[in-house]
Amino acid sequence: MLSLLKKKKKPEEAAAAAAPQVPSWHPNFRNFGQLPDIKVVRTAFFVNGVAVFIALCISVFLGNREYELHSLRSQIAAYDVQIARDTAESEKAKALFKKFQEQEKRVYDVDAYMKSKPVVSEILLRLGETRPKNIALESIEIRAPETTPPTAPSIVLRAAVRGASDLASGEASAYVDVLKNDAVLGPKIDGPPEVTSSSRDVATGRLKIEITIHLKPLGKPPAAKKK
Amino acid sequence: MSISNEQLVAFIKKNPIGVGCGVLSLALAGAAYYRADLIPAASAEMDQKGALSDRLAANLKYGKDLPEQMQQFTEDNKAINSRLVSAADILANNQYFYNLETVTSTKIGQTQITTVAQARAAKGNFVPINFNLNVTGTYPQLLDFLGRLENGLHFARVLNSRVSKAVGAAATANPDLLTMTLSVDLLGQP
């Protein structure tokens, strides 16, 4: 009875039903661009997030630069105000300083001039004070000529030593040591004094000596240039 | 593949945030690019003006005491000027040495070596006026003469000096007499 109630299949359906059960294939005509995004978190969210993040980064970067530029311009404006305020006074100070330098140079020139040569009175006085009893100074020559390049000053002493020649030589050597170690002359002397000549005076029998003392170079002379 | 205006509008309407941010980013990047040179330029200008401002401030700071110091140097220079000799004032120069001669009881002979023309030809603030002196006296008198010369009214420096026993009739009468020959510069003005 039930078999009678069954709808009889058409011949095509029967053929399809009889066909092997394999996955059906069909062309995919879906337009994904128009279909809604059904992911849990939509792609647009990430895209928008990245776009907003980039825009914010650039905004912050640009804002920071603009702020920096604004600060620089403010600082420049402040400097402009300072410059405008100080320029006149500074120019006055510069003009005064130029005059000051001229005045100062004159004073230093005089100072250099006075220190450019040895003080002869001081040397002569000290030579007189340190002279041993048996030595007679016949001449004292102090040379500090103006030369180019400058030369160090020197002292040439010519003396006669009293007494026997063997003792006189010792006295002369002792005198050289006295000169070298003298508290006043010693610091001015450049190198040990040299006995540049020594001979016996036939007439008197005295030993005649010549002592050369090189003095340390002194300060520069004043800047008086000749045409 | 071209996009129609409708498609573009539709795309914008569909992604307003992304498109807006993209456009904004592009605009900001463009602005950053076009204004990129402003900061280095402003920085350089600031450095330059800062240096100038600092220099001006330093000028004012160090110039604060300048008038007083200037006054001091001006007075010093007045004193210096009053102690200078002039090559042209031959009589006054002679008088100076004769005064020393009188005060120290020595006998001097002198010659002014630097001529007026040489002194005028010199450049600079000062010119040394050279004299040759021949001084006769005892050792203490010569020391007195030298001391007064080197520490006297005029700025003097001795270039060469030679002290030896005097010769002649006076020396025979007084064996203590010495002769001192000097080459002396007195500081003068051109």
Side-chain angles (χ1 to χ4, degrees), chain A residues 44 47-48 51-52 54-55 58-59 61-62 65-66 68-69 72-73 75-76 79-80 82-83 86-87 89-90 92-94 96-97 99-100 103-107 109-110 113-114 116-121 124-125 128 137-146 158 221-227, chain B residues 15 17-18 20-22 24-25 28-29 31-32 35 38-39 42-43 45-46 49-50 52-53 55-57 59-60 62-63 66-67 69-70 73-74 76-77 80 118 121-128 139 142-143 146-147 149-151 155 157-165 182-183 187 190:
Chain A
V47 170
N48 288 344
V52 168
I54 291 171
I58 296 176
S59 300
F61 172 73
L62 190 64
R65 285 177 67 94
E66 288 301 312
E68 195 179 339
L69 187 62
L72 287 172
R73 285 182 173 159
Q75 189 67 44
I76 288 169
Y79 279 139
D80 281 338
Q82 272 184 324
I83 289 167
D86 295 347
T87 299
E89 285 297 312
S90 172
K92 277 185 196 170
K94 272 167 70 178
L96 189 62
F97 183 64
K99 286 180 187 169
F100 173 83
Q103 299 282 321
E104 183 189 37
K105 186 178 181 303
R106 286 172 62 85
V107 173
D109 279 351
V110 172
Y113 171 86
M114 294 304 289
S116 64
K117 301 294 171 194
V119 183
V120 174
S121 56
L124 282 183
L125 186 64
L137 294 174
E138 294 183 337
S139 75
I140 303 167
E141 201 171 339
I142 300 170
R143 300 169 181 161
E146 280 291 279
R158 291 188 186 84
K225 298 166 192 169
K226 291 188 177 178
K227 277 180 185 172
Chain B
N15 302 290
I17 295 172
C21 288
L24 180 65
S25 297
L28 291 176
R35 295 174 70 81
L38 294 180
I39 286 183
S43 185
E45 187 184 353
M46 191 195 73
K49 291 196 171 174
L52 177 62
S53 174
R55 198 166 66 238
L56 295 178
N59 285 348
L60 294 186
Y62 294 119
L66 201 55
Q69 293 167 355
M70 178 72 180
F73 271 117
T74 305
D76 290 348
N77 272 299
I80 286 170
Q118 283 174 331
K123 284 182 178 177
N125 293 323
F126 306 109
V127 57
Y139 188 67
L142 293 185
L143 281 180
L146 260 180
L149 178 66
E150 289 183 319
N151 303 297
F155 298 105
R157 61 177 188 177
V158 179
L159 304 184
N160 289 310
S161 66
R162 187 173 192 277
V163 182
S164 58
K165 198 169 172 55
L182 293 173
S183 174
L187 194 62

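Below, chain A is the first sequence line, B the second, and so on; all start at residue 1.
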Under 4.5 Å from any heavy atom of chain A - which part of B:L24
side chain
Across all chains, not counting sequence neighbours, the ring-ring contact (aromatic ring centres under 6.0 Å, His included) partners of B:F73 are A:F100
Taking side chain as everything from C-beta outward and backbone as N, CA, C, O, which of these in A:I142 sits under 4.5 Å from a heavy atom of chain B? Side chain, backbone, both or neither.
both
Just wondering, do B:V127 and B:L187 contact through their side chains at under 4.5 Å, heavy atoms?
no
When you check the gap from the basic side-chain N to the acidic O, do A:E89 and A:K92 get nearer than 4.0 Å?
yes
Donor-acceptor contact present, side-chain B:S53 to main-chain B:G50, <3.5 Å:
no
Main-chain N/O of A:L124 paired with B:Y139 side-chain donor or acceptor, under 3.5 Å
yes
Does any part of the side chain of A:R158, heavy atoms only, come nearer than 4.5 Å to the side chain of B:R162, both counted from C-beta?
yes
Contact part of B:L28 toward chain A, heavy-atom cut-off under 4.5 Å: side chain, backbone, both or neither?
both
For the interface with chain A, which of B:A32, B:G63, B:A42 has the highest count of heavy-atom pairs at distances below 4.5 Å?
B:A42
Under 4.5 Å from any heavy atom of chain A, what part of B:L60 do you find: side chain, backbone, both or neither?
side chain
Checking heavy atoms, do the side chain of A:V120, its backbone, both or neither come under 4.5 Å from chain B?
both
If you count heavy-atom pairs within less than 4.5 Å of chain A, which of B:P190, B:S164, B:S161 leads?
B:S161
Looking at every non-hydrogen atom in both residues, tell me the closest pair between B:N160 and A:R143 and how far apart they are.
OD1-CA, 3.1 Å
Count the heavy atoms belonging to other residues, nucleotides or ligands that lie under 6.0 Å from CD1 of B:I17, then report whether that count exceeds 12.
no
Most contacts with chain B, counted as non-hydrogen pairs under 4.5 angstrom, among A:S59, A:S121, A:A51:
A:S121
About how many Å separate CD1 of A:I76 and CE of B:M46, when rounded to the nearest 0.5 Å?
7.0 Å
Against chain B, label A:E104 side chain, backbone, both or neither, depending on which of its atoms sit under 4.5 Å from a heavy atom there.
both
Would you mind telling me which of B:T74, B:N15, B:L149, B:L182 has the largest number of heavy-atom pairs within less than 4.5 Å of chain A?
B:T74
Do A:E66 and B:R35 meet the salt-bridge criterion of a basic N to acidic O distance under 4.0 Å?
yes
Below 4.5 Å, heavy-atom pairs only: which of A:T87, A:L96, A:I54 has the largest tally toward chain B?
A:L96
Give the member of B:L142, B:N77, B:N151 that has the highest number of heavy-atom pairs under 4.5 Å with chain A.
B:N77
What part of A:R73 gets within 4.5 angstrom of chain B, counting heavy atoms only: side chain, backbone, both, or neither?
side chain
Name the region of A:K99, side chain, backbone, both or neither, that has any atom closer than 4.5 Å to a heavy atom of chain B.
both
Counting heavy-atom pairs under 4.5 Å with chain A, which one of B:N59, B:V158, B:L143, B:L66 comes out on top?
B:L66
In terms of heavy-atom proximity below 4.5 Å to chain A, should B:Y62 be classed as side chain, backbone, both, or neither?
neither
